[in-house]
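All figures in this text were calculated on a predicted structure; none of them were measured in a lab. The basis for the numbers below is simple: all heavy atoms, side chains too, and nothing from hydrogens, waters or symmetry mates.
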Amino acid sequence: MPETLSFCVPAEADGERLDKWLSGQESLAMTRSALQVRMEHGDVTVNGKKVPKNYRQKAGDQVLVQLPEPEPLELQPENIPLDIVYEDDDLLVVNKPKGMVVHPAPGHATGTLVHALLYHCGDRLSSINGIIRPGIVHRIDRFTSGLLMVAKNDMAHQSLSAQIAAHSFTREYQAVAMGHFREAEGTISAPIGRHPVDRKKMCVTEKNSKPATTHYTVIAEYPRATHLQLRLETGRTHQIRVHMKHLGFPLIGDYLYNPDMEYIKRQALHSWRLSFPHPITGKNMC
């Protein structure tokens, strides 16, 4: 049976296009274009009725999204060592090394974290994010190291995704940025979208963007740089890297957003702590 996810439109999203709002729901993990296809097929209903692709939702709308049947998995497991810091029947937390891609993408058909997870877990991974991203609840960039959550079943995946959306799943990073901050701590709230010219980049923009919020605290200062602790409220692509660049403090080693740097061959960014209620038992995990 195809799985169905249920949503209730909050007051603050009244009048927004349904496809845009749904694409921002991390428990769904679908693009606007994919959602539009589902809407055309009648797999997205509002208050029990099919709606057009340009439907503007109303507060209190009850939205049901029928997910496509999981496709047979064709990726081949690979015996790649994993640094697993926690594991039980429902989830695992892996310490991803720098340079490892999380899931297959153009130019990275093998050697990804997903290939390693398939070898370690077999078919004990959630299927919500499809055949390319089994078990993947959230991502970190290829040259960012650190902790990454993996769901072993769909119930755990849905719970963890809902926690991320509700900001009860805490992701904390450490980074080293160029320059010195005037304030010891602060918050950056600036929407992030695709760069209008360089499609590999993201940028702070009001056009076709999503809200993004990052909290930072200064840990230590060095002659030309600052050691930071950062906490994400949202999980946009390249969020910390883009927000730091926007403030004028690009990360050391971030060649994409500051190509003149020649200190290290990776961005100085590490996912160092995850805090969350266990998706099944409710126990506080850190």
Short side-chain to backbone donor-acceptor contact, [X] and [Y], under 3.5 Å:
| X | Y | answer |
| --- | --- | --- |
| Arg171 | Arg273 | no |
| Thr234 | Arg236 | no |
| Lys152 | His157 | no |
| Arg56 | Glu16 | no |

>> Starting from Ile280 and following side-chain heavy-atom contacts under 4.5 Å between hydrophobic residues (I, L, V, M, F, W, Y), which residues can be reached?
In response: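 Ile280 clusters with Met155.
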Indicate, with yes or no, if [Y] and [X] share a hydrophobic cluster defined by side-chain heavy-atom contacts under 4.5 Å among Ile, Leu, Val, Met, Phe, Trp and Tyr.
| X | Y | answer |
| --- | --- | --- |
| Met244 | Val218 | yes |
| Met202 | Ile240 | no |
| Trp272 | Phe276 | no |
| Leu92 | Leu118 | yes |
| Val44 | Val37 | no |

> So Tyr86 and Asn95, side chain to side chain donor-acceptor pair (under 3.5 Å) or not? Walk me through it.
Replying inline: CA-CA 10 Å; Tyr86 177 82; Asn95 182 24; over 6 Å; no
Salt-bridged, [X] to [Y], with N to O below 4.0 Å?
| X | Y | value |
| --- | --- | --- |
| Asp141 | Arg241 | yes |
| Arg32 | Asp19 | yes |
| Lys200 | Asp198 | no |

>> Which residues pass the ring-ring contact (aromatic ring centres under 6.0 Å, His included) test with Phe143, not counting sequence neighbours?
In response: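 Partners of Phe143 by the ring-ring contact (aromatic ring centres under 6.0 Å, His included) criterion come out as none, since no residue qualifies.
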> Would you say the side chain of Cys8 lies within less than 4.5 Å of the side chain of Asp61, judging by non-hydrogen atoms?
Replying inline: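 No. Closest side-chain heavy atoms not under 4.5 Å.
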Quick one: closest heavy-atom pair of [X] and [Y], and the distance?
| X | Y | value |
| --- | --- | --- |
| Pro196 | Cys203 | CD-SG, 4.0 Å |
| Arg194 | Lys201 | CD-O, 3.5 Å |
| Gln229 | Glu172 | NE2-OE1, 2.9 Å |

> How would you list all residue pairs meeting ring-ring contact (aromatic ring centres under 6.0 Å, His included) that involve residues 203-237, not counting sequence neighbours?
Replying inline: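 Listed once each, the pairs are Phe181-Tyr216.
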> Pick from Ile188, Thr213, Leu232: which one makes a side-chain contact (heavy atoms from CB on, under 4.5 Å) with His243?
Replying inline: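 Going through the options one by one, the only one that passes is Ile188.
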> Do Asp154 and Ser127 pass the side chain to side chain donor-acceptor pair (under 3.5 Å) test, and can you show the C-alpha distance, the side-chain angles, and the key distance before you say yes or no?
Replying inline: CA-CA 6 Å; Asp154 288 356; Ser127 62; 3.1 Å; yes
